[in-house]
> 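My questions will all concern the structure given below.
Position 1 is the first residue of the sequence, and the numbers go up from there.
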Amino acid sequence: MCSLSCFEVGSDICSHGGVMLAIDLKMGSPEHLDAAPVYDNPVVDNQVMEERNPTLDIIGLYAQVIVDTVRSLYDTAEEEPNVVYFGNMEATLPKRKYAMSASFARSPWLSGCLPQPPPISLVNKFSTWISRDNDSDLDSLWFEHKFPRMLRVNAVCVKQQFFGAHPLDHEVAVLALRRFNQLDVEAQAVSKYLLWREVLEPDFSTHALAGEKVAHIKAVQLQIAHAHHDITACQTFYTPVILDHGWAAYMWDMIRKEIHILDPLCAQPVGAEKRHATHQEAVSQIHEALFSCLNEFFARWHCTSDRWKRKSPKITREVFTRDESGMCMLHAIRHYDGEKMTWPLTKRNLDTFRQTTVFEVFRLQDEQGNFVADHVLRAALEEDEE
């Protein structure tokens, strides 16, 4: 089974659920028949309607569908001992640490510690090979990576989402981000312990939007409280978010106290007002969850959660579709330096980004530093030119 695909949650379903809930609230349930009748009090009716937020309802329903579906991908697998799986909860919180860093790590664009792009000749050769009809060779390859939690993705799914018509799904996004993190660490010339940006995996925003206690999610504890680097030195925190209209990324700047909403569909005039409202609600929920974790895991965090500014920079002038938003989100996380896109997000650049990213994904390393897809890389790169 491939990993989770984007879901279509129609507003009619959500509104229908809202109607059902409103009816239940008004009619009452059998166990509350002795309660004082409300009759047709217009004040009470207005209060009930005002308390319900349809945008928040849709966000929560959509996130819960993703949580349930990703969890089902691992339900049939035999769980390995001492391995964390999606959604595993921890009753206790990790021991609180002091935020020791007196300063933040420098931006890789300023320090010159950007990951070097792979040789274009190898990228082109690999892209040509993987674009062929070779699904029978790829079907036997499963990307497996165990930190901060178990990830298993079939190579055919990766091919379909980078070169086919399939939109980016939750687990393939996690796969790409883990390889990006490896590249960021490898590029640090001074100290691999200091990173300018911390990219939270989609698990964080998905659990937060589903209304779960994110600080008790074991994978979140491992990524934040038990990170392999000094997370208190990160100036920026990025988190991908998947909503009913597509993917986006949010960035927190701990110095400026700014939240940047990186929306790949920002040039799309249709539905702009609805997307803006959705982003505002989603940012509020994730912001609360983020600082809940930071304050639970660390003592004396650099800043408080109040008085944060929100910005919506226009990261592209081209119109992208919902199905393209996933790749655009990955592009934005890699090339947004906190102020601008250092590599413009265009259709042409996105095609190049797809090729280089899928090549890097197949160079993912396991916990021992070995290439997970070593035999596929050899088959593709050692093949004689026709």
> Are the side chains of Met329 and Ile315 in touch, meaning some heavy atoms are under 4.5 Å apart?
no
> Distance-only, no hydrogens or angles: does the Arg310 side chain make a donor-acceptor pair with backbone N or O of Ile261 under 3.5 Å?
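Absent.
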> Tell me, please, which residues at least two apart from Tyr336 pass ring pair (Phe, Tyr, Trp, His ring centres under 6.0 Å).
His260
> What distance separates Asp337 CG from Leu110 CG, expressed to the nearest 0.5 Å?
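Reported value, rounded in 0.5 Å steps: 8.0 Å.
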> Mind listing the closest non-hydrogen atom pair of Ile217 and Gly87 along with its distance?
CD1-O, 4.4 Å
> When you group the ILVMFWY residues by side-chain heavy-atom contacts below 4.5 Å and let the links chain together, are Met327 and Leu183 in the same group?
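Yes, Leu183 connects to Met327 through the hydrophobic network.
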> State whether a side-chain donor-acceptor pair under 3.5 Å links Asp323 with Thr321.
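Thr321 and Asp323 do not have a side-chain donor-acceptor pair below 3.5 Å.
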> Working to the nearest 0.5 angstrom, can you tell me the gap between Gln221 CD and Met89 CE?
9.0 Å
> How many angstroms lie between atom NZ of Lys125 and atom CZ of Phe359, to the nearest 0.5 angstrom?
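Atom-to-atom, Lys125:NZ and Phe359:CZ are 11.0 Å apart.
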> Any side-chain donor-acceptor pair under 3.5 Å between Arg178 and His145?
yes
> Between atom CG of Leu141 and atom CG of Asn154, what is the distance when rounded to the nearest 0.5 Å?
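Those atoms lie 7.0 Å apart.
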> Using a 3.5 Å distance criterion without hydrogens, assess whether the side chain of Trp247 forms a donor-acceptor pair with backbone atoms of Ala173.
no
> Check whether the side chains of Asp68 and Gln64 place a donor and an acceptor atom closer than 3.5 Å, and report yes or no.
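There is such a pair (donor and acceptor under 3.5 Å, judged by atom type) between the side chains of Asp68 and Gln64.
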> Is it the case that more than 12 heavy atoms not belonging to Glu288 sit under 6.0 Å from its CD atom?
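12 or below, so no.
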> Check whether any side-chain heavy atom of Val241 sits under 4.5 Å from a side-chain heavy atom of Val283, and report yes or no.
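Result no, sub-4.5 Å side-chain heavy-atom pair not found.
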> Is the shortest heavy-atom distance from the side chain of Cys328 to the side chain of Glu318 under 4.5 Å?
no
> With no hydrogens and no angle check, just 3.5 Å: does a side-chain donor-acceptor pair link His287 and Trp252?
yes
> Grouping I, L, V, M, F, W and Y whenever their side-chain heavy atoms are under 4.5 Å apart, do Ile66 and Leu177 come out in a common cluster?
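Yes, same cluster.
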> Would the distance check show the side chain of Thr316 and the main-chain N or O of Leu345 forming a donor-acceptor pair, the cut-off being under 3.5 Å?
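Confirmed, Thr316 side chain pairs with Leu345 backbone.
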> Looking at every non-hydrogen atom in both residues, tell me the closest pair between Trp196 and Arg106 and how far apart they are.
CB-O, 3.3 Å
> Would you say NE2 of His375 has more than 12 non-hydrogen atoms from neighbouring residues, nucleotides or ligands within 6.0 angstrom?
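Counting neighbours around NE2 of His375, more than 12 heavy atoms of other residues, nucleotides or ligands fall under 6.0 Å, so yes.
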> Please walk me through it: do Gln188 and Leu194 pass side-chain contact (heavy atoms from CB on, under 4.5 Å)?
CA-CA 8 Å; Gln188 294 305 307; Leu194 300 176; 5.5 Å; no
> Considering only NZ, NE, NH1 and NH2 on the basic side and carboxylate oxygens on the acidic side, decide whether Asp184 and Arg334 come within less than 4.0 Å.
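Salt bridge flag = yes for Arg334 with Asp184.
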> So, the side chain of Thr206 versus the backbone of Asp203: is there a donor-acceptor pair under 3.5 Å, distance only?
no
> From Thr236 OG1 over to Arg256 CZ, what is the distance, rounded to the nearest 0.5 angstrom?
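The distance works out to 10.5 Å.
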> May I have the step-by-step check of side-chain contact (heavy atoms from CB on, under 4.5 Å) for Leu138 and Ile130, ending in yes or no?
CA-CA 9 Å; Leu138 296 175; Ile130 200 174; 4.0 Å; yes
> Taking Lys274 for its side chain and Thr55 for its backbone only, find out whether a donor-acceptor pair lies under 3.5 Å.
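Not at all, since once roles are kept as given, no pair shorter than 3.5 Å links the two residues.
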> Can any side-chain N or O of Glu360 pair as donor or acceptor with the backbone N or O of Arg179 at less than 3.5 Å?
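Between the backbone of Arg179 and the side chain of Glu360 there is no qualifying donor-acceptor contact (under 3.5 Å).
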> Less than 4.5 Å apart, any side-chain heavy atom of His229 and any of Val185?
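A side-chain contact is absent here, since even the closest heavy-atom pair is not under 4.5 Å.
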> Assert yes or no for the condition that the ring centre distance of Phe371 to Phe362 is strictly below 6.0 Å.
no
> If we check ring-ring contact (aromatic ring centres under 6.0 Å, His included) with His331, which of these qualifies: Phe180, Phe353, Phe320?
Phe353
> Is it true that Arg378 and Asp374 make a salt bridge, defined as a side-chain N closer than 4.0 Å to a carboxylate O?
yes
> Within the side chain of Asn134, is there an N or O that forms a donor-acceptor pair under 3.5 Å with the backbone of Trp129?
yes
> Report whether Val358 and Leu377 are members of the same hydrophobic cluster (ILVMFWY, side-chain heavy atoms less than 4.5 Å apart, transitive linking).
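Yes.
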> Please step through side-chain contact (heavy atoms from CB on, under 4.5 Å) for the pair Leu290 and Leu200, ending with a clear verdict.
CA-CA 10 Å; Leu290 175 60; Leu200 301 175; 4.1 Å; yes
> Is there side-chain contact between Lys347 and Glu324, with heavy atoms separated by less than 4.5 Å?
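Sidechains of Glu324 and Lys347: in contact.
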> Is any side-chain heavy atom of Trp308 closer than 4.5 Å to a side-chain heavy atom of Phe291?
yes
> Identify the heavy atoms of Cys234 and Met254 that sit nearest to each other, and give their distance.
O-CG, 4.2 Å
> Taking the six-membered ring where the residue is Trp, are the ring centres of Tyr74 and Phe86 under 6.0 Å apart?
no
> For atom NZ of Lys97, is the number of surrounding heavy atoms from other residues, nucleotides or ligands below 6.0 Å larger than 12?
yes
> Looking at Glu258 and Lys309, is any side-chain nitrogen of the basic one under 4.0 Å from a carboxylate oxygen of the acidic one?
no
> Taking ring pair (Phe, Tyr, Trp, His ring centres under 6.0 Å) as the test, write out the residues that go with Phe147, two or more places apart.
His228
> Under 4.5 Å between side-chain heavy atoms, counting indirect links through other Ile/Leu/Val/Met/Phe/Trp/Tyr residues: same cluster for Met150 and Val84 or not?
no
> Strictly under 6.0 Å, is that where the ring centroids of His245 and His279 end up?
yes
> Side chains of Gln182 and Arg363: do they bring a donor and an acceptor to under 3.5 Å?
no
> Is the backbone of Asn124 close enough, under 3.5 Å, to the side chain of Ser127 for a donor and an acceptor to pair up by distance?
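Here the side-chain-to-backbone pair does not exist.
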> Using a 3.5 Å distance criterion without hydrogens, assess whether the side chain of Thr357 forms a donor-acceptor pair with backbone atoms of Arg354.
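No, because the side chain of Thr357 does not come within donor-acceptor range (under 3.5 Å) of the backbone of Arg354.
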> Among Glu80, Glu79, Glu171, whose salt bridge (charged side-chain N to carboxylate O under 4.0 Å, His left out) with Arg149 holds?
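Of Glu80, Glu79, Glu171, salt bridge (charged side-chain N to carboxylate O under 4.0 Å, His left out) with Arg149 is met by Glu171 alone.
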> Is the number of heavy atoms from other residues, nucleotides or ligands under 6.0 Å of Glu273 CD greater than 12?
no
> Has Ser205 got a side-chain atom pairing as donor or acceptor with Pro202's backbone, closer than 3.5 angstrom?
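Yes, Ser205 side chain to Pro202 backbone: donor-acceptor pair under 3.5 Å.
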> Report the distance from atom CG of Leu294 to atom CD1 of Ile224, rounding to the nearest 0.5 Å.
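These two atoms lie 6.0 Å from each other.
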> According to ring pair (Phe, Tyr, Trp, His ring centres under 6.0 Å), who are the partners of Phe298, at least two apart in sequence or on a separate chain?
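With neighbours one apart ignored, the set is Trp301.
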> Is it true that Thr232 and Arg300 share a donor-acceptor pair across their side chains at a distance under 3.5 Å?
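No, Thr232 and Arg300 have no side-chain donor paired with an acceptor closer than 3.5 Å.
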> Under 4.5 Å between any side-chain heavy atoms of Cys293 and Val214, yes or no?
yes
> If you define the side chain from C-beta out and look only at heavy atoms, does anything of Phe126 sit under 4.5 Å from Leu381?
yes
> Would you check, one step at a time, whether the test side-chain contact (heavy atoms from CB on, under 4.5 Å) holds for Leu364 with Leu175?
CA-CA 8 Å; Leu364 178 77; Leu175 177 64; 3.5 Å; yes
> Tell me whether Leu330 shares a hydrophobic cluster with Phe163, the cluster being built from Ile, Leu, Val, Met, Phe, Trp, Tyr side chains joined at under 4.5 Å.
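Same hydrophobic cluster.
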